[in-house]
Amino acid sequence: MSEKRPLIQPRTLKGFRDYLPTAAIPREAMMETARRVFRSYGFAPIDTPALEYEEILTGKGGEESDKQMFRFEDSGGRRVAMRFDLTVPLARFVAQHAGELGTPFKRYHIGPVWRGENTQRGRYREFTQCDFDTVGTTSIASDVETALVMHDLLDALEVGEFTIHLNNRKVLSGLLERLDLSERSAEVLRALDKLAKIGPEKVAAEMRETAGASDDQCARVLEFAGLEGDTDAVLRALAPLVAGSEVGERGVQELRELFAGVAAAGVSGSRVRLDVAIARGLDYYTGTVYETFLAELPEIGSVGSGGRYDELASLYTKQDLPGVGASLGLDRLFSALEHLGKLETRATTADVFLPFFSQDRRDDYLRLAALLRREGVSVEFYPEPRKLGAQLKYADKRGHRVALVIGDDEWEAGTAQAKVLATKDSHDVALEPTADLARRLRELSA
RNA sequence: GUGGAUAUAGCUCAGUUGGUUAGAGCGCCGGUUUGUGGCACCGGAGGUCGGGGGUUCAAAUCCCCUUAUCCACCCCA
């Protein structure tokens with residue numbers, strides 16, 4: 001025991017974090033909210049392994065994601081990789097289980113993903129995504145629902161004002177087709193994605209450099225990207241720019257239907273915006289694309305995004321499995337809310353605190369706590385008979401709502417003092433019947 | 001991955017041109033009649049100055065390496 005050995009320095013890997021109760025409690029609450037919203041649309045939960053065969057994951061999201069993927073050989077000599085997102089594993093999943101699932105298939109999946117990139121606020125190497133997707137239909141109704149879910153989610157999470165930016169890859173394709181830039185679409189879109197951040201001149205410069213675009217082509221792309229204002233007006237302005245391109249015209253039509261559907265479902269026009277400049281980095285999107293920004297902290301980046309990918313599962317199956325979905329970046333959103341002071345931090349999960357006061361009554365306390373839990377009240381019983389003041393201080397620090405103070409006198413009388421910690425108000429309550437006591441405690445905890 | 005900044009008690013920070021046992025505030029623990037918390041007073045614990053190496057009689061202070069965090073680029077949730 002007294003032998004001295006060198007201590008190992010406790011530390012965590014770059015981009016990986018511990019969650020203390022004050023962070024883990026609100027984080028779990030966010031996940032519960034997300035589950036509730038997903039389920040309200042009929043999405044069902046699934047889970048998949050963190051580790052996949054390397055060939056399943058690589059080459060799906062473009063060069064950049066391959067570079068950032070954690071890859072290695074397992075002890076059985078298999079080339080493996082940790083999932084980079086939840087969408088590619090979904091594609092594998094539906095290709096593998098299509099027969100048992102049936103379509104359309106709606107699933108949600110909450111879990112960690114790993115990306116070996118450099119860290120910053122809201123950018124980690126291990127972070128949790130809340131994904132929801134609809135597979136097996138090309139109906140625009142599912143594109144609409146995807147926007148609605150994202151909307152309901154952020155609304156339920158009480159993040160303040162936000163805007164869901166919508167666009168359609170087909171419109172971009174149509175434009176590039178008209179401009180003879182289809183061959184370099186990836187480069188053009190990557191440059192275009194930065195418009196809001198670096199401005200038109202630099203975007204043009206990058207397009208000239210990486211995509212070999214001419215001045216005229218740059219001007220046309222920027223004119224297109226500069227379209228702003230009322231959704232209907234932008235859609236009208238868009239039409240002539242893609243006229244003659246079959247994909248482009250279809251893209252504009254899809255956008256029309258998308259906005260009509262979202263409006264029909266009652267979403268405020270201020271929360272959705274047609275933003276023709278968003279292109280999304282991931283290579284697999286083929287239709288609608290989504291990006292969500294917080295009004296109070298846009299610089300942290302998109303807190304939720306996604307899109308339609310009609311070809312993704314085709315890498316694993318000959319079956320036609322188009323899909324559309326999006327992902328809420330839980331940790332980035334969490335980081336934003338923390339930064340904005342919008343997180344409620346409590347270090348306890350129990351509403352009611354039961355001080356251990358009368359030393360000889362331990363079993364009575366234990367029995368009462370058990371009865372209350374059976375009535376659905378969360379109760380923490382302090383394990384040591386310390387001074388009442390110290391116990392109340394503990395309860396106050398942790399954030400319990402109500403302290404149920406019972407000393408010798410109360411045990412004799414069959415009553416207790418229910419003390420609301422926040423206001424210091426005491427209420428006399430009867431210990432029996434337990435159901436009534438539980439109801440009273442619930443009222444006081446609210 | 002590239003460039004820059006930072007790294008001292010649980011937290012926020014001080015530590016003068018390298019020099020005796022490294023400080024403060026807050027927090028934490030205990031006490032001020034073992035029946036009532038956020039105030040006050042008293043006392044206490046807690047740091048090999050991110051880690052490793054080097055220069056020096058002497059380093060938290062200078063040099064090198066390393067790890068992490070933040071910022072920009074890149075990319076994205």
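Everything quoted here is computed from the prediction, not taken from an experiment. Just so we're on the same page: letters track the sequence lines, and every chain starts at 1.
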Atom pairs under 3.5 Å, N or O on each side, protein against nucleotides 38-49 of chain B: can you list them with distances?
residue : atom : partner  : partner atom : Å
B:G38   : N7   : A:Lys424 : NZ           : 3.1

Query raised in the report: Judged by atom type as modelled, is there a donor-acceptor pair below 3.5 Å linking the side chain of A:Gln391 to the main-chain atoms of A:Phe356?
Result: yes
**Report entry** Backbone N/O of A:Gly325 and side chain of A:Tyr290: donor-acceptor pair under 3.5 Å
**Finding:**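 No, the answer is negative, given that no donor and acceptor are paired below the 3.5 Å cut-off.
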Counting the atoms with a prime plus P, OP1 and OP2 as sugar-phosphate, which does [X] contact under 4.0 Å by heavy atoms, base, sugar-phosphate, or nothing?
X: A:Gln129; value: sugar-phosphate
X: A:Asp409; value: base
X: A:Ser302; value: sugar-phosphate
X: A:Gln68; value: sugar-phosphate
X: A:Tyr124; value: base
X: A:Gly407; value: base
X: A:Lys419; value: base

Between [M] and [N] - [atom1] atom distance, rounded Å:
N: B:G52; M: B:C13; atom1: C1'; value: 26 Å
N: B:A14; M: B:U8; atom1: P; value: 10 Å
N: B:U32; M: B:U69; atom1: P; value: 45 Å
N: B:G43; M: B:C62; atom1: P; value: 36 Å

Query - Non-neighbouring partners of A:Glu380 that pass salt bridge (charged side-chain N to carboxylate O under 4.0 Å, His left out), sequence neighbours left out - result: none
**Report entry** Any residue meeting salt bridge (charged side-chain N to carboxylate O under 4.0 Å, His left out) with A:Arg125, in chain and number order, not counting sequence neighbours
**Finding:** none
Report task. Not counting sequence neighbours, which residues clear side chain to side chain donor-acceptor pair (under 3.5 Å) with A:Ser358? List them please. Result ->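 Applying side chain to side chain donor-acceptor pair (under 3.5 Å) to A:Ser358 gives A:Asp408.
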Requested in this report: List for me each residue that meets side chain to side chain donor-acceptor pair (under 3.5 Å) alongside A:Glu52, sequence neighbours excluded, and say none if there are none.
Outcome: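 Partners of A:Glu52 under the side chain to side chain donor-acceptor pair (under 3.5 Å) test: A:Arg92.
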Query raised in the report: Does the side chain of A:Lys67 get closer than 4.0 angstrom to OP1 or OP2 of B:C74 through an N or O atom?
Result: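 No, A:Lys67 has no side-chain N/O under 4.0 Å of OP1/OP2 on B:C74.
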Requested in this report: Using a cut-off of strictly less than 4.0 Å, decide whether A:Gln120 has a side-chain nitrogen or oxygen near OP1 or OP2 of B:A72.
Outcome: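 Answer yes for this pair, as a side-chain N or O of A:Gln120 is under 4.0 Å from OP1 or OP2.
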Please confirm whether [X] and [Y] have ring centers closer than 6.0 angstrom.
X: A:Phe293; Y: A:Phe162; value: no
X: A:Tyr124; Y: A:Phe16; value: no
X: A:Trp411; Y: A:Tyr365; value: yes
X: A:Phe132; Y: A:Tyr108; value: no

Distances for protein N/O vs nucleotides 65-68 of chain B N/O pairs under 3.5 angstrom?
residue : atom : partner : partner atom : Å
B:U67   : O2'  : A:Arg11 : NH1          : 3.4
B:A68   : OP1  : A:Lys14 : N            : 3.4

Report summary line: Pairing string of RNA chain B (Watson-Crick or G-U wobble, both atom distances under 3.5 Å; | = paired to other strand) is (((((((..((((.....[...)))).(((((.......))))).....(((((..]....))))))))))))....
**Report entry** Sub-4.0 Å heavy-atom contacts from residues 20-35 of chain A onto RNA chain B, ordered by number
**Finding:** none
Measure all distances between protein nitrogen or oxygen atoms and nitrogen or oxygen atoms of nucleotides 6-12 of chain B, and list the pairs falling under 3.5 Å.
none

**Report entry** Any residue meeting side-chain contact (heavy atoms from CB on, under 4.5 Å) with A:Lys342, in chain and number order, not counting sequence neighbours
**Finding:** A:Glu296, A:Leu337, A:Leu340
Below 3.5 Å is the cut-off: list the nitrogen or oxygen pairs between protein and nucleotides 30-34 of chain B, distance only.
residue : atom : partner  : partner atom : Å
B:G30   : OP1  : A:Arg386 : NH2          : 2.4
B:G30   : OP2  : A:Arg386 : NH2          : 3.1

**Report entry** Gap between atoms CZ and C1', on A:Arg115 and B:C75 respectively (whole Å)
**Finding:**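 Rounded to whole Å, this separation is 9 Å.
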Query raised in the report: Quick one: A:Glu338 CD to B:C70 P, roughly how many Å, whole number?
Result: 11 Å
Requested in this report: Taking only Lys NZ, Arg NE, NH1 and NH2, and the carboxylate oxygens of Asp or Glu, determine whether A:Glu443 and A:Arg440 approach each other closer than 4.0 Å.
Outcome: yes
Sub-3.5 Å pairs of nitrogen or oxygen atoms, protein against nucleotides 2-5 of chain B:
residue : atom : partner  : partner atom : Å
B:U2    : O4   : A:Asn118 : ND2          : 2.6

Query raised in the report: Below 3.5 Å, does any donor atom in the side chain of A:Glu410 face an acceptor in the base of B:G35, or the other way round?
Result: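 Such a pair is found, so the answer is yes.
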